[in-house]
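Working notes for the structure below.
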Protein chains: 2
Amino acid sequence: MTPSPYFQAAMSRYFALGDDDCRLLGQLERRTASADKDRVLWALGARIQNLFILQSGWACTVRDTGEGERQIIELLLPGDIVGLREFTFRRHGSEARMISAGSVSTFTHQQIVDIVAASTSLAVALFATIGRQEALLTERMLVTLHRSARVQVSHFVLETYLRLSKLQSVDPGRMPFPISQRLLGQILGLSPVHINRTLTALERDGVLEKHRAHVVIHDPGRLRDEADFDDDYLSDRVDGLSTRLAELREGAASSAVSQSGS
Amino acid sequence: MTPSPYFQAAMSRYFALGDDDCRLLGQLERRTASADKDRVLWALGARIQNLFILQSGWACTVRDTGEGERQIIELLLPGDIVGLREFTFRRHGSEARMISAGSVSTFTHQQIVDIVAASTSLAVALFATIGRQEALLTERMLVTLHRSARVQVSHFVLETYLRLSKLQSVDPGRMPFPISQRLLGQILGLSPVHINRTLTALERDGVLEKHRAHVVIHDPGRLRDEADFDDDYLSDRVDGLSTRLAELREGAASSAVSQSGS
DNA sequence: CGTACCTTTGACGGCTGTCAAAGGAAGTGG
DNA sequence: CCACTTCCTTTGACAGCCGTCAAAGGTACG
């Protein structure tokens, strides 16, 4: 069985997972295939069917705004699960596509239901996952609505740096960043022209340099100041639920659930 | 026992719920108390402890942007569950407060775990709920990033009208709307001054009139055009999972999940 | 070697924020 | 029932960030 370093690691960040849980998670990563750049994982309006786990490469979900523009909703990095937001809908309200070449595991939305049925711990871990993905979205909205393009770009680069750093050691002097200026504009809701001006200014001021497929962060501390960054929302800490899950496993569940006592 | 028309109705929109499921849901609404306007349900940074179901009145979750401004993240209407986004975190990343006087039911985050453990149907229904709340957020972000203030205001009023209409019959000529212009600005990320200008223009053009605590929608169809509104994201349709849930209840689960069967 | 996409730069305009001040409307205490 | 206070609404003047349009230069890829 191919181990899944990223996704299982992500899920076990929340609680220690048992052998059964790991086995269940492993089933989501049985079918893994490579995916070219621009490969569409699902199209807008398509019936909900499969979910994905990104094993390598970057991906995103996108919406057209009806005025010829596109807005990136979420940026997905290796280890991220793709489609959890939408698996209870009938049809997709977005498109998902690869940003760079990589590989993805595919499984059905019904497998999610099976996992929720089989393991309360994993069900709660899935809630934790969806909550953290939504926290990224919320933070992005706050920044895009209230901050200048300069802060937005700095914030996004730093956020991505921190997300990547959870997966592997990242050299700030050469961080992978396969995002064109046009795409960066679609992530932040800014025009490519203005993205370019902003990047030029950030480079002039010695904050960062964006190259074709990587970014140079001269000084992470300086970037944090530029971005006015508060990383609370990236926390993996889950509190107070582990004990409850343990109680449930020990059979204290039935009485507690029947009258919700204690 | 006080019945919970809104929340149980909301949850049963997704699938037909059994008696056990309804009983479990009922436990979330045992402790109900009135809440004044501006009552804080939780403060920023507080430890996660309770969740709420709004029985009457409107509420919201808010974030400070660090520059003295406030951004409303979600607007909560009667029947909405408050805190599902964050219940797996250690501390709240937002504040929740009542916008108008009303009443709320209170329960603990551990009760959510108990429900997830006790009923796969309800667990999936909770995923559906969180997904729909997130769809509201996503749509708001798209509109705020790419549309004019005029479209934003129209869009928000129409969205709220449609959400309210799911709960009860709403007279477009006198829709409850206890939202000040300042608050509307905090929802859309616009200054109160510009909100005022936009409302004045919309009234001049006969689209809508906002009064202190209600809105007059002269013509919903006209408003829909102004807002360029597509209501796909408000859909309650859940497809393909009901049959899977039924199979699980009938014990067909074990084979599908291989050996982890219960 | 050509084509397509990405990056860069300049000029111009508009939507929206900020500042400031005055005019209601609602609630409170006397 | 009346003064007072507070918050909300309204309006004007001005500035600035960012979008649009346009065109040229770079870079990868077939």
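Here is the naming used below: chain letters follow the sequence lines, and residue numbers restart at 1 for every chain.
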*So, Arg97(B) and Asp36(B), do they make that salt bridge, N to O below 4.0 Å?*
no
*Salt bridge present between Glu134(B) and Arg132(B) (N-O < 4.0 angstrom)*: no
Value in whole Å for how far the [atom2] atom of [N] lies from [atom1] of [X]:
| X | N | atom1 | atom2 | value |
| --- | --- | --- | --- | --- |
| Glu69(B) | dT18(C) | CD | C1' | 11 Å |
| Glu67(A) | dG19(D) | CD | P | 13 Å |
| His214(B) | dA25(C) | NE2 | P | 14 Å |
| Leu145(B) | dT16(C) | CG | P | 12 Å |
| Arg147(B) | dT16(C) | CZ | P | 12 Å |
| Asp38(B) | dC7(D) | CG | C1' | 12 Å |
| His194(B) | dG12(D) | NE2 | P | 15 Å |
| His146(A) | dT16(C) | NE2 | P | 14 Å |

*asked:* Show me the pairs that pass side-chain hydrogen bond (donor to acceptor under 3.5 Å, both in side chains) and involve residues 174-188 of chain A, at least two apart or across chains.
replied: Arg174(A)-His214(A), Gln181(A)-Asn196(A)
*Would you call the rings of His155(A) and Phe229(A) parallel, tilted or perpendicular, where under 30° means parallel and over 60° means perpendicular?*
tilted
Expected list for residues 39-53 of chain B: side-chain donor-acceptor pairs under 3.5 angstrom, two or more places apart:
| from | atom 1 | to | atom 2 | distance (Å) |
| --- | --- | --- | --- | --- |
| Trp42(B) | NE1 | His92(B) | ND1 | 3.3 |
| Trp42(B) | NE1 | Ser94(B) | O | 2.9 |
| Arg47(B) | NH2 | Asp239(A) | OD2 | 2.6 |

_Set of residues satisfying side chain to side chain contact (heavy atoms under 4.5 Å, CB included) with respect to Leu223(A), sequence neighbours excluded_ = Ser154(A), Val157(A), Leu158(A), Val207(A), Leu208(A), Ile217(A)
_Qualifying residues under side chain to side chain contact (heavy atoms under 4.5 Å, CB included), relative to Val170(A), sequence neighbours excluded_ = Tyr161(A), Leu164(A), Ser165(A), Gln168(A), Met175(A), Pro176(A)
*asked:* So for the helix from dC1(C)-dG30(D) to dG30(C)-dC1(D), with five pairs setting each end axis, what is the inter-axis angle to 10°?
replied: 50°
*Ser34(A) and Ser103(A): side chain donor to acceptor below 3.5 Å*: no
*Does the side chain of His146(B) come under 3.5 Å of the side chain of Gln71(A) through a donor N or O and an acceptor N or O?*
yes
For nucleotides 6-11 of chain C, give me every protein contact, N/O to N/O, under 3.5 Å, one pair per line with atom names.
| from | atom 1 | to | atom 2 | distance (Å) |
| --- | --- | --- | --- | --- |
| dT7(C) | OP2 | Gln181(A) | N | 2.7 |
| dT8(C) | OP2 | Gln181(A) | NE2 | 2.6 |
| dT8(C) | OP2 | Asn196(A) | ND2 | 2.6 |
| dT8(C) | O5' | Asn196(A) | ND2 | 3.2 |

_Touch class at under 4.0 angstrom, heavy-atom based, for Gly185(A) against every strand present_ = nothing
